[in-house]
Chemist: 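I have a structure I would like to understand better, so I am pasting it below and will then ask my questions one at a time.
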Amino acid sequence: LHVPAWRFYADDTRFALATAGRRGAKTYTGARRFLRKIAQDYERLRHLPYDPGAFASAARSKKHAAIWWQRPPRLHYMVLAEVGRLLKEPKKYIMQFLPAALVEHTNSGNNQIWLRGDILIEFVTAHDPKRNVGSGLNGIWVEEAARVRSAAWQGFISPMLSDKQGRA
């Protein structure tokens, strides 16, 4: 990483914004930073009890059954972009930097990656902010944030992060 990218990667603030010109390593560095934050959160919170509720008894014996992947995650993250085509690069880098042994399941239809330790990463668009409601997030990565409507932040990103004091 070049010096400005390294500063962004190493930044430990709750909210961080990377700005640079084209090919400034924003997405590359963002993926590395995003995964580093997930690892830090897991180390900090893994001792807390986790119970997937009804999914535990119904599907634990059939861990690879379709219903198992619908369980509530221990840690929940989101990669968000205005349109779907902007999610390709973040997903490519995340898969490049993730050790294969950490990937438990990928669900292309739902744009999800489940990591060992019951960690969920979802890839969603902000094109219609009213459709994006859900549970609290431990973190979000907004790709090309300048393209995302401000209503998305106010309407669903900020409230989802406030539940768990998540990072962006």
Side-chain angles (χ1 to χ4, degrees), residues 8-18 26-56 67-95 97-98 102-168:
F8 173 66
Y9 172 79
D11 186 334
D12 276 328
T13 58
R14 185 169 169 220
F15 300 107
L17 176 66
K26 296 179 302 293
T27 303
Y28 177 90
T29 309
R32 292 179 64 132
R33 184 179 194 277
F34 186 69
L35 293 173
R36 182 174 70 88
K37 296 296 183 184
I38 291 172
Q40 287 174 342
D41 287 350
Y42 182 73
E43 284 302 314
R44 186 171 44 87
L45 301 171
R46 72 179 178 165
H47 69 282
L48 297 177
Y50 166 69
D51 182 9
F55 289 98
I67 192 172
W68 178 248
W69 308 116
Q70 298 172 19
R71 73 191 185 275
R74 174 190 301 265
L75 297 173
H76 191 180
Y77 298 88
M78 189 178 283
V79 179
L80 178 94
E82 178 63 23
V83 293
R85 66 182 163 71
L86 293 175
L87 292 169
K88 289 180 184 177
E89 286 292 306
K91 189 183 286 188
K92 177 183 83 170
Y93 284 128
I94 284 173
M95 293 306 290
F97 299 139
L98 266 175
L102 291 181
V103 178
E104 187 174 37
H105 176 75
T106 58
N107 184 334
S108 298
N110 287 342
N111 279 323
Q112 297 177 337
I113 299 173
W114 279 94
L115 304 179
R116 299 216 181 280
D118 302 299
I119 300 168
L120 174 62
I121 301 173
E122 292 186 284
F123 297 84
V124 299
T125 64
H127 185 68
D128 184 2
K130 293 176 186 159
R131 291 182 52 203
N132 293 321
V133 294
S135 62
L137 293 174
N138 296 94
I140 190 167
W141 169 12
V142 182
E143 175 69 1
E144 297 291 343
R147 297 180 184 204
V148 176
R149 298 174 193 154
S150 61
W153 179 265
Q154 297 161 352
F156 85 96
I157 297 171
S158 181
M160 287 172 40
L161 290 172
S162 67
D163 279 2
K164 299 178 181 177
Q165 293 300 298
R167 305 171 191 230

Chemist: One pair to check against side chain to side chain contact (heavy atoms under 4.5 Å, CB included): M78 and I157. What are the steps and the verdict?
Modeler: CA-CA 10 Å; M78 189 178 283; I157 297 171; over 6 Å; no
Chemist: Measuring from F34:CZ to E143:CD, what's the distance to the nearest 0.5 Å?
Modeler: 11.5 Å
Chemist: Starting at NZ of K92, measure out to CD of E89 and round the result to the nearest 0.5 Å.
Modeler: 4.0 Å
Chemist: With side chain to side chain contact (heavy atoms under 4.5 Å, CB included) as the test, pick out the partner of Y77 among D41, I140, L120, L137.
Modeler: D41
Chemist: Please report the C-alpha distance between D12 and K37 in whole Å, then the side-chain angles of each, then the deciding distance to 0.1 Å, and finally whether the side chain to side chain contact (heavy atoms under 4.5 Å, CB included) criterion is met.
Modeler: CA-CA 9 Å; D12 276 328; K37 296 296 183 184; 2.7 Å; yes
Chemist: Taking atom CZ of R44 as the centre, report whether more than 12 heavy atoms of other residues, nucleotides or ligands fall under 6.0 Å from it.
Modeler: yes
Chemist: Specify the closest pair of heavy atoms between W114 and P72, including all atoms of both residues, with the distance to one decimal.
Modeler: CH2-C, 4.4 Å
Chemist: From R85 CZ over to L87 CG, what is the distance, rounded to the nearest 0.5 angstrom?
Modeler: 10.5 Å
Chemist: Examine distances only and state if a side-chain atom of N138 and a backbone atom of H76 form a donor-acceptor pair shorter than 3.5 Å.
Modeler: yes
Chemist: With sequence neighbours excluded, tell me which residues meet side-chain contact (heavy atoms from CB on, under 4.5 Å) with A31.
Modeler: Y93, I94, F97, W141
Chemist: Say you draw a straight line from CD of E122 to CD of Q112; how long is it, rounded to the nearest 0.5 Å?
Modeler: 5.0 Å
Chemist: Measuring from atom CE of M160 to atom CH2 of W153, what distance do you get when rounded to the nearest 0.5 angstrom?
Modeler: 11.0 Å
Chemist: Heavy atoms only: give me the nearest P90-T27 pair and the separation to one decimal.
Modeler: N-CG2, 3.9 Å
Chemist: When L75 is tested against each of L115, L45, I121 for side chain to side chain contact (heavy atoms under 4.5 Å, CB included), which residue passes?
Modeler: L45
Chemist: If you take all heavy atoms of A81 and V148, which pair is closest and at what distance?
Modeler: C-CG2, 4.4 Å
Chemist: If the test is side chain to side chain contact (heavy atoms under 4.5 Å, CB included), which one of L102, N107, T106 qualifies with I113?
Modeler: T106
Chemist: Search all heavy atoms of L161 against all heavy atoms of A168 and return the closest pair with its distance.
Modeler: CD1-CB, 3.9 Å
Chemist: For the pair R149 and E82, find out whether any cationic side-chain nitrogen is under 4.0 Å from an anionic carboxylate oxygen.
Modeler: yes
Chemist: Quick one: does any side-chain atom of R74 pair with a main-chain N or O of L48 as donor and acceptor, under 3.5 Å?
Modeler: yes
Chemist: Ignoring hydrogens and geometry, is there a side-chain-to-backbone donor-acceptor pair from R33 to D11 under 3.5 Å?
Modeler: yes
Chemist: Please enumerate all residues that pass salt bridge (charged side-chain N to carboxylate O under 4.0 Å, His left out) together with R14, with sequence neighbours excluded.
Modeler: none
